[in-house]
Amino acid sequence: MKKFFLGLAAALLTINLAWATDINQATVEELQAAKGIGPVKAKAIVDERAKNGPFKSWVDLDKRVKGLGDKTMGDMKEAGFKVGRSANADKKK
């Protein structure tokens, strides 16, 4: 039974990662799906991306969009968002 639940958890994690939405492609509406992201923050993310190009990492997103913080970015990760394809994208420097 324990193996069944571990397998189920692994499958759900794989599904979540496969359907992750890239911040660099997300619409205002998609961004608002994350807890803590309302219309103002979602628009700020989209506007910054349009003005200065795609985000390179979570650190880049945090530096360029004021008011996000670790908690909000953690909520965004939990909601299935990612930033680009970099394997080290979520490590702070």
Side-chain angles (χ1 to χ4, degrees):
M1 191 60 134
K2 192 176 188 180
K3 288 181 182 180
F4 171 76
F5 286 114
L6 288 174
L8 180 61
L12 291 173
L13 179 60
T14 302
I15 289 170
N16 185 37
L17 293 176
W19 286 335
T21 301
D22 190 338
I23 295 289
N24 292 314
Q25 303 295 319
T27 65
V28 170
E29 293 79 16
E30 289 171 327
L31 290 167
Q32 289 183 63
K35 185 172 108 182
I37 300 291
V40 173
K41 284 185 185 175
K43 186 173 180 335
I45 292 168
V46 171
D47 288 349
E48 173 60 28
R49 183 181 71 206
K51 182 178 179 184
N52 295 307
F55 300 103
K56 295 179 179 100
S57 66
W58 286 104
V59 174
D60 186 37
L61 174 68
D62 188 34
K63 286 180 182 176
R64 290 172 45 190
V65 180
K66 302 295 181 215
L68 288 180
D70 291 338
K71 174 147 179 37
T72 301
M73 288 194 303
D75 291 339
M76 292 173 76
K77 291 174 188 179
E78 284 182 28
F81 288 98
K82 64 177 185 158
V83 179
R85 295 182 180 201
S86 172
N88 296 319
D90 58 354
K91 291 185 180 176
K92 290 208 173 195
K93 295 181 181 175

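Only a predicted model underlies this, so the values are computations on that prediction, with no experimental measurement involved. In what follows, every heavy atom counts, from backbone to side chain, and hydrogens, waters and symmetry copies are set aside.
- Separation of atoms CD (Glu30) and CD1 (Ile37) is listed at 13.5 Å; rounding is to 0.5 Å.
- The NZ atom of Lys82 sits 11.0 Å away from atom CH2 of Trp58, with the distance rounded to the nearest 0.5 Å.
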### Task
Let me see the working for Thr72 and Lys41 under side-chain contact (heavy atoms from CB on, under 4.5 Å), right down to the final yes or no.
CA-CA 10 Å; Thr72 301; Lys41 284 185 185 175; 3.8 Å; yes

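- Nearest heavy atom pair, residue Val46 against residue Ala26, reads CG2-O, 4.0 Å.
- For the pair Asn24 (side chain) and Phe55 (backbone), a donor-acceptor distance under 3.5 Å is present.
- With Gln25 contributing its side chain and Asp22 its backbone, the two residues share no donor-acceptor pair below 3.5 Å.
- Rounding to the nearest 0.5 Å gives a distance of 10.5 Å between CG of Leu61 and CZ of Arg49.
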### Query
Run the salt bridge (Lys or Arg N to Asp or Glu O under 4.0 Å) check on Asp47 and Lys51 step by step: do they pass?
CA-CA 6 Å; Asp47 288 349; Lys51 182 178 179 184; over 6 Å; no

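- With rounding to the nearest 0.5 Å, the separation of CD in Glu48 from CD1 in Ile23 is 13.0 Å.
- In this view, Lys35 and Lys71, Asp75 satisfy the side-chain contact (heavy atoms from CB on, under 4.5 Å) rule, not counting sequence neighbours.
- In this structure, CE on Met76 lies 6.5 Å from CG on Leu68, to the nearest 0.5 angstrom.
- Counting all heavy atoms, side chain and backbone alike, Gln32 lies closest to Ala42 at CG-CB, 3.8 Å.
- Side-chain contact between Asp70 and Met73 is present, with at least one heavy-atom pair separated by less than 4.5 Å.
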